[in-house]
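Structure first, then comments.
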Amino acid sequence: MSTPDHEITPVTANQLTKIQSSGIWASGTSVSAEAGQLAEALVATLSGSAEQVLLPAELQELVTQVKAKATIGLPRITADDGIRLSAFTIKLKTDEPRPVVIVPAGWTPLGWTLFTYLYLKLALRGYHVLAYTPRGIGQTFKTPGGGYIDAPFTSGGTVDVAGPLDWADGSTVIDYAQQHFDPSKIAFLGESYGSGISQLVAAHDPAGRVEAVVALSTWGDLEAALLGNDTRHLAAVDALVKFTGGPEERKFGPDTRQFLDDFRKGTNLDDLRAWAQERSPLSYIDQTNARGIPTFYSNTWHETLFPVNGALTTFERLTVPKHLNLWIGDHAAPEGAGLTVPGANVPVDEALAWLDHYILGTANEVPNWEPVRSQVMFEPTVRESLASWSDVTTSTEKLYLGTNGGQDGTLGTAPAAGWKASFTTGELTEAKAVDELLKTGQQEWQGNPKTYLTGKFDRSYLATWVSPAGARRVRGIPRVHVNVTPAGAKATLVAYLFDLAPDGTARIITHEPYTLTGAKAGQAVEVTWNLQAAAYDIAAGHKVMLVINAKDALYSDDNAALATLSVGSVAGTEAYLELPLG
C-alpha cells in the first residue's frame with residue numbers, strides 16, 4: 001500500500017502459497033508485499049469497491065459465503081477524547097444472540113486490514129467480528145503541500161503504547177459492540193501489540209465485560225522486553241518505531257517521544273521503567289485473576305520483540321483457566337500465515353478452539369489440554385504437554401567454566417578457579433542472536449535454522465567454553481554465573497548457548513544480555529543472570545558451547561570502546577553454567 005489511490009491488483013494463488021510457506025515478514029520492519037496486496041484485495045472485495053475480481057477462487061468463495069450470512073461495516077468509533085478509531089465489522093444476519101470477537105490490530109502500518117482473512121474465519125464459526133486499529137497506528141502519507149493524509153484503516157491520535165488511553169478505547173469499542181450487535185458474550189483476540197491491549201482491556205474494563213482472551217505472540221512484562229537485565233533492546237524498539245506507518249514526530253506525542261529519546265540515550269531509565277510497568281499485563285495480574293478471564297497465550301522461543309521469559313512470568317501468575325503454547329521461531333512466525341491466508345495452521349486452529357470452548361460453549365478437546373505445550377527446537381513434530389511451566393525442568397546440571405589457556409575454555413563437572421579470559425569490547429562478532437530481526441526466526445519456523453560456523457568466532461572479541469560430548473534434554477531457563485572485571489562503571493556482556501556439532505558447526509539454543517552498572521574500572525564483580533527459556537535436545541556426540549562477548553546488534557552497548565573486558569572464576573564462587581534438564 002504505497003499511496004492511498006494506487007490501483008489494486010488481483011491476488012494469485014501462487015501469492016497465497018508464498019505467504020503460507022514464507023510467512024508475513026519481508027524484513028524486520030516491513031510486511032511482505034504479498035500480504036499487503038492480499039489485505040487490500042480482501043477489503044476492497046468485502047466493501048464492494050472492487051472493480052474486478054481480485055481474489056483466487058477459494059477466497060472469493062469464502063467472501064461470498066460471509067456476505068450471504070452477514071453485513072460488512074467500516075465504521076469510525078469515537079473515543080472519549082474525540083479521537084476516531086478506524087474499524088471493520090462483520091454483523092451476522094440473525095435474531096439469535098451471538099458472541100462478538102473484538103480484535104485490536106497489531107503494531108503494523110496496515111492496521112486492522114492485515115488479518116482480514118481471520119475475520120472471515122471467525123464469522124463462519126458463528127461470531128460477530130469487530131476489528132479496530134489502536135490510536136495512532138496505520139499508514140500516513142505526506143502530501144505535496146507538506147501535510148499528511150491517513151489511510152482509511154489508520155486511526156487518529158498518537159500511539160499510547162498500550163497505555164490508559166488504549167484501555168479506555170477498548171472499553172469504548174465494547175460499548176459500540178453492545179450497541180450494534182447486542183452480543184451474547186464478548187472476547188478479545190490479539191496478535192502482538194493487540195494481544196497486550198486485549199489483556200489490558202480485559203483487566204481494566206469498568207464493567208468487566210471481557211469473557212475470554214486470546215493473546216498471540218504476546219507479552220506480559222514490557223519492562224523486561226525493553227530493559228531486561230538493564231540492557232536496552234534498541235533494535236526491537238527501532239523496528240517498532242519504523243513500523244507505525246508514518247514519521248515519528250506525527251505518530252508519537254511529546255511525552256512518548258521524550259521516553260523514546262531517553263531510551264535511546266540511556267537516560268532517566270527509572271521513569272521509563274515505571275512507564276513500562278504501567279503498560280504491562282503483569283502489573284494487573286490480580287485484576288485478571290479476580291475476574292476469572294480464561295486466557296490463551298502463545299509465544300516463541302527466539303522472540304526478539306517480546307522475549308519469552310516475560311510472558312512465562314506472567315503466565316505462571318495467572319490462576320484463571322489458561323493455556324500456553326511455545327513455538328519454534330520468532331515473533332508472529334507460527335501464526336502469521338494462519339491469520340492471513342487459508343491453509344493448515346495449528347497455532348491459529350488451537351487459538352480458535354479455545355474461543356469456541358469458552359465463548360461458543362463448543363464441546364471440544366480444550367478441557368483435556370494440559371496447560372502448557374512446548375514445541376522442541378528444531379523438531380517441529382515434537383510437542384510436549386505439561387501441567388505447568390514449572391514442571392518443564394526436572395533437574396539441573398551445573399557445568400563449571402574452566403580454561404585451557406587463552407579464549408577457549410572448558411565446561412566440566414569440577415569447580416575451576418583462578419583464571420581469567422580477556423577480550424576486546426566494541427565489535428560485533430559472528431556469535432550473534434540473529435542475522436535479522438524477525439526474519440531469522442521466521443526461517444526457523446520454516447525449518448531452516450541458522451547454522452553458525454564456530455571457526456569464524458573471533459577470539460579477540462569473545463570467549464568460549466565447551467563441554468564433553470553427550471546427549472542432553474535442555475528444558476527451562478539456563479543460568480550463567482561469572483566473575484567480571486570491567487573497564488569502566490558499566491559493562492555489557494551477552495551470553496549465547498550453542499549446540500556444537502562434531503564438524504564445528506552450531507545451532508543456537510538461547511541467549512541473553514546483561515549490563516553491569518555501578519561498577520569500578522578494574523574491580524571484579526560477581527554476575528549471575530538467566531538466559532531465555534529453551535526446549536532443545538542435544539544429540540549424542542554433540543557438545544554444549546557457551547560463548548560470552550560484549551556486543552550484539554539487538555542491544556545497547558555500555559562498554560568503553562575497544563577496552564578489555566575479563567571474565568573469570570574465583571575460589572568459593574566459581575564460574576558455572578547451570579543447564580535446566582527435563
Side-chain angles (χ1 to χ4, degrees), residues 19 22-32 35 103-112 114-115 117-118 131 134 137 161-162 188-200 213-222 224-226 233 235-237 239-240 243 279-282 295-315 322-341 345-352 354-355 372-375 377 434 436-446 532-533 554:
I19 298 170
S22 301
I24 61 173
W25 302 125
S27 70
T29 55
S30 63
V31 174
S32 74
V103 186
W107 187 298
T108 159
L110 302 185
W112 58 259
L114 183 57
F115 299 138
Y117 169 70
L118 166 70
I137 296 291
V161 198
F188 266 67
L189 184 156
E191 190 273 335
S192 185
Y193 185 49
S195 76
I197 289 177
S198 295
Q199 295 174 75
L200 290 161
V213 167
V214 168
L216 305 176
S217 282
T218 196
W219 44 283
D221 185 350
L222 188 59
L226 296 177
H233 290 213
V237 171
L240 289 170
F243 213 43
R279 287 158 168 79
S280 296
L282 177 62
T295 301
F296 180 101
Y297 258 34
S298 183
N299 200 273
T300 54
W301 295 120
H302 287 165
E303 176 76 34
T304 52
L305 296 187
F306 303 122
V308 64
N309 286 6
L312 292 174
T313 300
T314 309
F315 179 81
K322 62 182 180 178
H323 184 77
L324 168 68
N325 279 340
L326 294 165
W327 303 102
I328 296 167
D330 197 353
H331 194 75
E335 73 275 4
L339 297 170
T340 311
V341 294
N345 187 275
V346 173
V348 173
D349 290 344
E350 291 186 358
L352 296 181
W354 181 266
L355 277 185
V372 177
R373 282 180 175 173
S374 297
Q375 192 178 43
M377 296 180 284
V434 294
E436 186 178 357
L437 196 76
L438 304 186
K439 286 284 286 182
T440 300
Q442 185 167 262
Q443 290 163 359
E444 289 179 351
W445 172 251
Q446 294 155 11
Q532 292 298 317
L554 291 182

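What's counted below: heavy atoms across the whole structure, side chains too, no hydrogens, waters or symmetry copies. Only a predicted model underlies this, so the values are computations on that prediction, with no experimental measurement involved.
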Just so I know, are the side chains of Ser298 and Glu350 near enough to count as touching, which here means a heavy-atom distance under 4.5 Å? no
Hey, does Leu554 have a side-chain heavy atom less than 4.5 Å from the side chain of Val434? yes
To the nearest 0.5 Å, tell me how far Asn325 CG sits from His323 NE2. 3.5 Å
A side-chain contact here means heavy atoms from C-beta on lying under 4.5 Å apart; do Val103 and Phe115 qualify? no
If you apply the rule side-chain hydrogen bond (donor to acceptor under 3.5 Å, both in side chains), what do you find for Thr300 with Glu303, and how did you get there? CA-CA 5 Å; Thr300 54; Glu303 176 76 34; 3.0 Å; yes
Which distance, rounded to the nearest 0.5 Å, do you find between the CZ of Arg279 and the CG of Leu222? 8.5 Å
Tell me, with the steps shown, if Thr218 and Phe306 meet side-chain contact (heavy atoms from CB on, under 4.5 Å). CA-CA 7 Å; Thr218 196; Phe306 303 122; over 6 Å; no
I want to check something: taking the side chain as every heavy atom from C-beta on, are Trp445 and Asp330 in contact at a cut-off of under 4.5 Å? no
Working to the nearest 0.5 angstrom, can you tell me the gap between Ser280 OG and Leu200 CG? 8.0 Å
Drop me the distance from Asp221's CG to Leu312's CG, to the nearest 0.5 angstrom. 11.5 Å
Can you find a pair of side-chain heavy atoms, one from Thr304 and one from Thr440, that are under 4.5 Å apart? no
Taking side-chain contact (heavy atoms from CB on, under 4.5 Å) as the test, write out the residues that go with Val31, two or more places apart. Trp25, Ala35, Thr108, Leu110, Leu114, Phe243
Working to the nearest 0.5 angstrom, can you tell me the gap between Arg373 CZ and Leu326 CG? 12.0 Å
State, yes or no, whether a side-chain contact exists between Leu438 and Leu305 at a heavy-atom distance under 4.5 Å. yes
Heavy-atom side-chain contact between Ser195 and Ser217 under 4.5 Å: no
Using side-chain heavy atoms (C-beta onward) and a distance below 4.5 Å, is Tyr193 in contact with Leu240? no
Testing Trp219, Tyr297, Phe188 for side-chain contact (heavy atoms from CB on, under 4.5 Å) with Gln199, which one passes? Tyr297
